[in-house]
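To keep things clear, I will list the structure first and then write my remarks on it.
Proteins come first, then strands; the chains are lettered A, B, ... in the order of their sequence lines, and each starts at number 1. Just so it is clear, the values below take in all heavy atoms, side chains as well, and ignore hydrogens, waters and symmetry mates.
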2 protein chains.
Amino acid sequence: MATMTAAQKREQARTAYDAFLRACPTNQLLDRLSDKWVSLVLAALSSGPMRYSDLSRKIAGVSPKMLTQTLRALERDGLVTRTVTPSVPVRVDYELTELGGSLAQLMTAVKTWAETHFDEVHAAREQYDAGNAAAS
Amino acid sequence: MATMTAAQKREQARTAYDAFLRACPTNQLLDRLSDKWVSLVLAALSSGPMRYSDLSRKIAGVSPKMLTQTLRALERDGLVTRTVTPSVPVRVDYELTELGGSLAQLMTAVKTWAETHFDEVHAAREQYDAGNAAAS
DNA sequence: TGAGGTAGGCACCTTCAGGTAACTACTTCC
DNA sequence: GGAAGTAGTTACCTGAAGGTGCCTACCTCA
């Protein structure tokens, strides 16, 4: 029975995890929030509504595919609104909803934490790296 | 000059992005925080110190590799402490530092947001999906 | 008149994060 | 004496996220 220990345990653990953590709606939202581009788009939009091309310029490193994908996800979750103005060249504006705004505030709080404690983290890193190098 | 438009622009954009956003220390910390396992480990440790195997059981879905990797990263950033007790089988305890605790509180705030607004998000999703299906 | 901008969609292709499995050294329990 | 647990490390491999290029359709400006 030695052959099934690892596999079986893994299987059991996975099942337990699915039931215990994966099914938790909070976790699903957390996953969404931890997306790389979501925070950037949220930050960009927190200074007011923007058009698609404005966003792609402001965030710069984002590919059109990812930008569209991220915006669709945020729109689906009711965090941003997508307003199409059927003018001469079709113009599309994206804007934070109230819900999105409240989330953006939270992200700002996290950002503030990062800014406040960055020096501590940085010091810890240097100390860790130095200790690591010396220990060898 | 038509051949360089896309490539050149992309290059420029990438450079601008690197200088403008990637170099921002806050962004680096944000990246760390948005890690999938970091939040889970933080949540697990917020209820008190735990041993390696305790963590691997509690979080379940995590592989030993990812757990070690996550813990090392957190330790390096001064968010958790790693205490080795050279007892009979080497025993290792992980515990949140003060810094880690403050971050865990922030994550809890985000979690609270997610719990509070989950129904709104869920409603938005259903509406979006329904509208999408009907529109076709 | 054709090049460029606006708002993406589609398909391919690469990369790398993360999973899996196997191994270590030491000890204790059966 | 060997199987199992503790705390990992290492090498290998896959799958999915994300990047890139190419396409549309319409309009305007040089």
Side-chain angles (χ1 to χ4, degrees), chain A residues 1-14 17-18 22 31-32 34-38 40-41 49-75 80-94 132 136, chain B residues 1-14 17-18 22 31-32 34-38 40-41 49-75 80 82-94 132 135-136:
Chain A
M1 291 294 183
T3 55
M4 75 153 176
T5 39
Q8 283 257 338
K9 264 189 192 169
R10 206 78 65 161
E11 197 50 41
Q12 276 200 352
R14 184 169 299 274
Y17 173 71
D18 281 342
R22 217 40 168 279
D31 268 9
R32 166 77 19 103
S34 71
D35 186 272
K36 180 185 177 182
W37 300 113
V38 165
L40 292 176
V41 170
M50 294 188 96
R51 295 169 55 185
Y52 182 86
S53 49
D54 288 339
L55 280 170
S56 91
R57 266 187 295 268
K58 173 138 187 178
I59 304 186
V62 73
S63 63
K65 177 188 170 184
M66 273 301 99
L67 185 52
T68 301
Q69 194 171 300
T70 304
L71 287 168
R72 287 292 134 81
L74 290 175
E75 188 197 354
V80 305
T81 54
R82 180 171 178 270
T83 315
V84 181
T85 311
S87 57
V88 186
V90 185
R91 172 199 173 109
V92 183
D93 286 276
Y94 291 95
N132 227 10
S136 75
Chain B
M1 293 292 187
T3 53
M4 76 151 174
T5 37
Q8 283 257 336
K9 264 188 192 170
R10 205 78 65 160
E11 197 50 40
Q12 276 199 351
R14 183 170 299 273
Y17 173 72
D18 280 342
R22 215 41 167 281
D31 268 9
R32 165 78 17 104
S34 70
D35 186 273
K36 181 186 177 183
W37 299 112
V38 165
L40 292 176
V41 170
M50 293 189 98
R51 295 170 54 186
Y52 181 88
S53 50
D54 288 339
L55 280 170
S56 93
R57 267 187 295 268
K58 173 137 186 177
I59 304 185
V62 74
S63 63
K65 177 187 169 183
M66 272 302 99
L67 185 52
T68 301
Q69 193 171 301
T70 304
L71 287 169
R72 286 292 134 82
L74 290 175
E75 189 197 353
V80 305
R82 179 171 179 269
T83 314
V84 181
T85 311
S87 59
V88 187
V90 185
R91 173 200 173 108
V92 183
D93 285 277
Y94 291 94
N132 226 9
S136 74

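With sequence neighbours excluded, no residue forms a salt bridge (Lys or Arg N to Asp or Glu O under 4.0 Å) with B:Arg82. Looking at residues two or more places apart in sequence or on another chain, you find no salt bridge (Lys or Arg N to Asp or Glu O under 4.0 Å) involving A:Arg51.
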Can you give one letter per nucleotide of nucleotides 7-14 of chain C, going 5' to 3': B for a protein heavy atom under 4.0 Å from the base, S for sugar-phosphate only, - for none?
SSS-B---
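Screening A:Leu67, A:Val92, A:Leu40 against A:Leu55 for a side chain to side chain contact (heavy atoms under 4.5 Å, CB included) leaves a single residue, A:Leu67.
The shortest distance between side-chain heavy atoms of A:Tyr94 and A:Leu74 does not fall below 4.5 Å.
For the atom pair A:Trp37 CH2 and A:Thr70 OG1, the distance stands at 8.0 Å (nearest 0.5 Å). Rounding to the nearest 0.5 angstrom, the gap separating the CD1 atom in A:Ile59 from the CE atom in A:Met66 is 12.5 Å.
Here the C1' atom of nucleotide D:dG18 and the CH2 atom of A:Trp37 are 9 Å apart, to the nearest Å. Spacing between atom CG of A:Leu67 and atom P of D:dG19 amounts to 11 Å, rounded to whole angstrom units. Between the CE atom of B:Met66 and the C1' atom of C:dT20 there is a distance of 12 Å, rounded to whole Å.
OP1 or OP2 of C:dT6 sits under 4.0 Å from a side-chain N or O of A:Arg57.
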